[in-house]
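In what follows, every chain begins at residue 1, and chains take the letters A, B, ... in the order their sequences are listed.
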Amino acid sequence: MPEGHTVHRLAAAFRDGLVGGPVRTSSPQGRFTEAAQIDRMVLLGAEAVGKHLFLAFAPSDDVDLDAPVVRWVHVHLGLYGSWTFAGEPGFAVLHAIGAPRVRVGEQESALPEPDGDDDDGDGRGAGTADWRYLLPRPTTRLRIQGPRGLADLTGPTACELLDGAGRQAIIDRLGPDPLREDADPERFVRRVLASCSPIATLLMNQQVVAGIGNIYRAELLFRARLDPFVPGTELGRGLVEGIWEDLVELMRYGARTGRIVTTQPEHRLLDARIMERTRQNGDDDPTVVPREQSFYVYHRQTLPCRLCGTEVRSQELAGRTVYWCPGCQKVRSRKAAWIGQHPAAPWALETGDD
DNA sequence: GCTGCATGCGCAG
DNA sequence: TGCGCCTGCAGCT
């Protein structure tokens, strides 16, 4: 489920709720056998690099992150992985919008509380809301439990214990992460301009830029009005720099709110008008009206483009589906300037925050 | 209950 | 380039 913004939110949730104190770690599923090695250690830090999450563990809290004694848990959620948080009121709540999910009562299984204040006789205890007695799902790869709450990991592509060198090796093969202060956009620009691969392929290559998934890719290309199949070598520097700037803004919004929104308000209105027109043309099927107004092209294949009404297309490219509007995305030239809309506007008219 | 799909990635060939 | 893997869930029967 996650693109890079989600992983940054997860890192923030860990920093908020679990970093700084001793934690218990276990692998209820049994597949992360190294969990025992870090049990009762201090969770020193949590950071995101692209879609990779790194959690630092040390025997005590007076250790530097780069000390040899620090052990790193490296987690990549892949397509199916997720973290579930549970804890005292306020635990991880700020960051629970979006991918980090907070358990709701019906899905919880709880042990009876040991102090005997189970007064409803159903064997589940009066405190089903007490996170301390939540049984992990059988598929839980890793549970991290601190004084204020816990985090359960299921279905990750990667969950492994590394030393500092192992962590660095992973970071070294990643391109710049638009959400990190230390990101070097020039690395991204140079890689793109030097490659004959289609720009759509390059944007999904984590060695070129770290953190983009299929949604950001499709939406970025649309906002740049860029043909997904143009080789990087055909693009102009200004355009590629514009894509980076746009990406930074989009992902910052995503990290702040937990939602990917790429459409500008005026284009959502236009979309409603187009839908009305298509219905007048005889398409009465209400299911063609998308509830989601957040995207221009992602998952909108066969629907009319929000801007020009051309049918949005989709096609497999290097094993993943690319979505684009053939009507709007015609930029192919090296001379093309950045013509995408600056994204400050898309959510500016949204009421409230988050 | 079953099937297919999904915001990924690494590996073999 | 295709496949296997990790899991949850929507949309079928």
Side-chain angles (χ1 to χ4, degrees), chain A residues 1-10 27-33 48-53 73-84 97-104 106-109 136-143 152-160 162 166 169-175 177-179 197-198 200-222 228 247 250-251 253-255 257-263 285 287 290-292 294-302 314-324:
Chain A
M1 316 232 163
E3 304 206 14
H5 69 295
T6 297
V7 185
H8 280 266
R9 288 170 63 77
L10 284 164
S27 181
Q29 177 197 47
R31 288 187 51 182
F32 183 51
T33 51
V49 186
K51 300 171 190 171
H52 300 257
L53 176 69
V73 170
H74 166 233
V75 174
H76 193 298
L77 292 176
L79 213 48
Y80 323 108
S82 73
W83 285 97
T84 303
I97 310 155
R101 296 185 308 223
V102 172
R103 293 197 183 198
V104 290
E106 307 82 71
Q107 296 174 340
E108 295 173 353
S109 11
R137 298 183 207 216
T139 56
T140 301
R141 185 79 59 89
L142 168 62
R143 165 171 283 195
D152 281 350
L153 171 67
T154 59
T157 285
C159 175
E160 57 184 348
L162 302 172
I170 290 172
I171 293 174
D172 285 347
R173 60 169 200 255
L174 294 173
D177 175 346
L179 286 176
S197 297
T201 305
L202 290 168
L203 290 178
M204 286 280 280
N205 183 342
Q206 302 299 301
Q207 299 180 58
V208 175
V209 49
I212 296 187
N214 213 5
I215 298 178
Y216 280 127
R217 165 176 72 176
E219 298 297 305
L220 266 183
L221 290 170
F222 180 91
L247 180 58
L250 288 176
M251 291 188 73
Y253 174 81
T257 66
R259 293 180 59 220
I260 301 178
V261 177
T262 63
T263 50
D285 184 353
T287 62
R291 267 170 282 138
E292 185 59 82
S294 295
F295 310 139
Y296 285 109
V297 289
Y298 177 77
H299 265 341
R300 296 193 76 246
Q301 70 276 23
T302 76
S314 66
Q315 181 181 317
E316 287 275 310
L317 178 66
R320 306 298 302 278
T321 308
V322 186
Y323 305 85
W324 82 103

Any base atoms under 4.0 Å from [X], or only sugar-phosphate, or nothing? Heavy atoms, all strands.
X         : value
His52(A)  : nothing
Arg141(A) : sugar-phosphate
Thr157(A) : base

dC6(C) to dG1(B) separation - P atoms, rounded to the nearest Å
23 Å
Using the P atoms only, state how far dG8(C) lies from dG10(B), rounded to an integer number of Å.
22 Å
Partner lookup for dC3(C), please. Criteria are Watson-Crick or G-U wobble with both distances under 3.5 angstrom; report none if nothing qualifies.
dG10(B)
Is any side-chain heavy atom of Val322(A) closer than 4.5 Å to a side-chain heavy atom of Tyr298(A)?
no
For a 4.5 angstrom cut-off between non-hydrogen side-chain atoms, does Asp177(A) reach His8(A)?
yes
Rounded to the nearest Å, what distance is computed from the [atom1] atom of residue [X] to the [atom2] atom of nucleotide [N]?
X         : N       : atom1 : atom2 : result
Leu174(A) : dC9(B)  : CG    : C1'   : 12 Å
His299(A) : dC5(B)  : NE2   : C1'   : 9 Å
His74(A)  : dG10(B) : NE2   : P     : 8 Å
Leu77(A)  : dG10(B) : CG    : P     : 14 Å
Ile260(A) : dA6(B)  : CD1   : C1'   : 13 Å
Phe32(A)  : dC5(C)  : CZ    : P     : 21 Å
Gln206(A) : dC9(B)  : CD    : C1'   : 9 Å
Trp83(A)  : dC6(C)  : CH2   : P     : 18 Å

Quick check on [N]: is either OP1 or OP2 less than 4.0 Å from any side-chain nitrogen or oxygen of [X]?
X         : N      : result
Tyr80(A)  : dC5(C) : no
Arg320(A) : dC9(B) : no
His76(A)  : dG8(B) : no
Arg137(A) : dG8(C) : yes
Gln29(A)  : dC6(C) : no

Geometric class of the His52(A)/His74(A) ring pair [parallel <30°, tilted 30-60°, perpendicular >60°]
parallel
For the residue pair Tyr253(A) and His5(A), is the inter-centroid distance of their aromatic rings smaller than 6.0 Å?
no
From [options], nucleotide with atom closest to [X] side chain:
X         : options                : result
Tyr298(A) : dC9(B), dT7(B), dG8(C) : dT7(B)
Lys51(A)  : dG8(B), dC6(C), dG8(C) : dG8(B)
Glu3(A)   : dT7(B), dC6(C), dT7(C) : dT7(B)
Met204(A) : dG8(B), dT7(B), dT7(C) : dG8(B)

Is a donor on one side and an acceptor on the other found under 3.5 Å between the side chain of Asn214(A) and the backbone of Thr321(A)?
yes
Has Glu3(A) got a side-chain atom pairing as donor or acceptor with Gly213(A)'s backbone, closer than 3.5 angstrom?
yes
